[in-house]
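Heads up, the thing below is written out as structure tokens.
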Amino acid sequence: MPLVRVALLFTAGLAAGLLPIDVLGRANQAPPVAPDVAYIPTPQVVVDAMLSLAALRSTDVVYDLGSGDGRIVISAAQKYGARGVGIEINPTLVQQANENARAAGVADRVRFVNENVFSAEIKDATVVTMYLLQSINERLRPRLVRELRPGTRVVSHVFNMGPEWPPERTITVGASRLH
């Protein structure tokens, strides 16, 4: 492929809002996006309490927004037989979560996607879990209200959903508050 054609394809792709292509004509991956929240693993005792607070059942589909290493979704599959999807912006953590799911024997019940919590598909969730920030929860709130089906349970570690959506219940586990 001549260099001029590659440059033209690159320019045309950018103008069309497409990803640039490499010299072999393959679409390049989107550049990594910096996360809005630092990864802090949720202690297992808190994971267990979150799933209990959600009254998890085997028929549930758990979506964990900002899933990190996958521990919430993996625990939901192991302990309750639920299915789950982890949404994580860090591709290294997505890879680690998939490896953790295989090691835990639940890779057939869970999946992890490298996506942004503000644009990833969430409509199939019956339970949503998150450990984000207050400002992120409040930005997500309209989307959750708009896209989730009635009866979907939302459990947040530490931060609530803001004054417009007060928690039905708040519990404390160690130093963590769950809403």
Next on the checklist: Could you go through Ile171 and Val173, starting from their C-alpha distance and side-chain angles, then the distance that decides it, and tell me whether this counts as side chain to side chain contact (heavy atoms under 4.5 Å, CB included)?
Outcome noted: CA-CA 7 Å; Ile171 64 170; Val173 178; 4.1 Å; yes
Next on the checklist: Could you tell me if the side chain of Val145 sits less than 4.5 Å from the side chain of Trp165, heavy atoms only?
Outcome noted: yes
Checklist entry - Taking the side chain from Asn137 and the backbone from Leu132, do they hold a donor-acceptor pair closer than 3.5 Å? => result no
Item to check | Arg143 side chain vs Leu148 backbone, donor-acceptor pair below 3.5 Å | outcome: no
Checklist entry - Roughly how far apart are Phe118 CZ and Leu65 CG, rounded to 0.5 Å? => result 9.5 Å
Checklist entry - Rounded to the nearest 0.5 Å, how far does CG of Asp69 lie from CD of Gln95? => result 13.0 Å
Item to check | Close side-chain approach of Met161 to Met130, heavy-atom, < 4.5 Å | outcome: yes
Checklist entry - Quick one: are Val94 and Asn90 in side-chain contact, heavy atoms under 4.5 Å? => result no
Next on the checklist: Counting neighbours of CD on Glu164 that are heavy atoms of other residues, nucleotides or ligands and sit closer than 6.0 Å, is the number greater than 12?
Outcome noted: yes
Item to check | By ring pair (Phe, Tyr, Trp, His ring centres under 6.0 Å) - contacts of Phe112 (at least two apart) | outcome: none
Checklist entry - Can you name the residues that form a side-chain hydrogen bond (donor to acceptor under 3.5 Å, both in side chains) with Thr129, not counting sequence neighbours? => result Asp64
Next on the checklist: Closer than 3.5 angstrom, by distance alone: can the side chain of Glu88 be matched with the main-chain N or O of Gly68 as a donor-acceptor pair?
Outcome noted: yes
Checklist entry - Atom CD1 of Ile72 and atom CD of Gln44: how far apart are they, to the nearest 0.5 Å? => result 9.0 Å
Checklist entry - When you measure from the side chain of Ser156 to the backbone N and O of Phe159, does any donor-acceptor pair fall under 3.5 Å? => result yes
Next on the checklist: When you compare the side chain of Val155 with that of Val128, does any pair of heavy atoms fall below 4.5 Å?
Outcome noted: no
Checklist entry - Does one hydrophobic cluster hold both Met50 and Val127, with members joined at side-chain heavy-atom distances below 4.5 Å? => result yes
Next on the checklist: Is there a path of hydrophobic side-chain contacts, each under 4.5 Å between heavy atoms of I/L/V/M/F/W/Y residues, joining Leu133 to Tyr39?
Outcome noted: no
Checklist entry - Do the side-chain N and O atoms of His179 and Thr170 include a donor-acceptor pair separated by under 3.5 angstrom? => result yes
Next on the checklist: With rounding to the nearest 0.5 angstrom, report the CG to CG distance, Leu178 to Leu53.
Outcome noted: 6.5 Å
Checklist entry - Does the side chain to side chain contact (heavy atoms under 4.5 Å, CB included) test come out yes or no for Ile122 and Ile87, once each step is laid out? => result CA-CA 9 Å; Ile122 60 170; Ile87 299 170; 3.9 Å; yes
Checklist entry - Same hydrophobic cluster for Val117 and Ile40, using side-chain heavy-atom links shorter than 4.5 Å among ILVMFWY? => result yes
Item to check | Over all atoms of both residues, closest heavy-atom pair of Val110 and Ala77 | outcome: CG1-CB, 3.7 Å
Item to check | Ala107 versus Arg102, closest heavy-atom pair with distance | outcome: CB-CG, 3.8 Å
Checklist entry - Partners of His157 by ring pair (Phe, Tyr, Trp, His ring centres under 6.0 Å), sequence neighbours excluded? => result Tyr131
Checklist entry - What pairs of residues pass the salt bridge (Lys or Arg N to Asp or Glu O under 4.0 Å) test when at least one of them lies in residues 42-61, not counting sequence neighbours? => result Asp48-Lys79, Arg57-Asp60, Asp60-Arg153
Checklist entry - Which residue pairs pass the salt bridge (Lys or Arg N to Asp or Glu O under 4.0 Å) test with at least one member in residues 169-179, sequence neighbours excluded? => result none
Checklist entry - Sub-3.5 Å donor-acceptor pair from the side chain of Glu115 to the main-chain atoms of Ile89, do we have one? => result no
Next on the checklist: Using modelled atom types and a 3.5 Å cut-off, is there a donor and acceptor pairing between side-chain atoms of Arg111 and backbone atoms of Val85?
Outcome noted: no
Checklist entry - Can you pull the salt bridge (Lys or Arg N to Asp or Glu O under 4.0 Å) pairs that have at least one residue in residues 116-137, sequence neighbours excluded? => result none
Checklist entry - What are the two closest heavy atoms between Tyr80 and Leu51, and how far apart are they? => result CE1-CB, 3.8 Å
Checklist entry - Which heavy-atom pair separates Ala97 from Ile74 by the least distance, and what is that distance? => result O-CD1, 3.9 Å
Checklist entry - Ser176 and Val46: which non-hydrogen atoms are nearest, and at how many Å? => result OG-CG2, 3.8 Å
Item to check | Heavy-atom donor-acceptor pair, Ser75 side chain to Arg71 backbone, under 3.5 Å | outcome: yes
Item to check | ILVMFWY cluster, Tyr63 and Val154 together (side-chain gap under 4.5 Å) | outcome: yes
Checklist entry - Between Thr126 (side chain) and Val61 (backbone), is there a donor-acceptor pair under 3.5 Å? => result yes
Item to check | Shortest non-hydrogen contact between Leu56 and Ala76, atoms and distance | outcome: CD2-CB, 3.5 Å
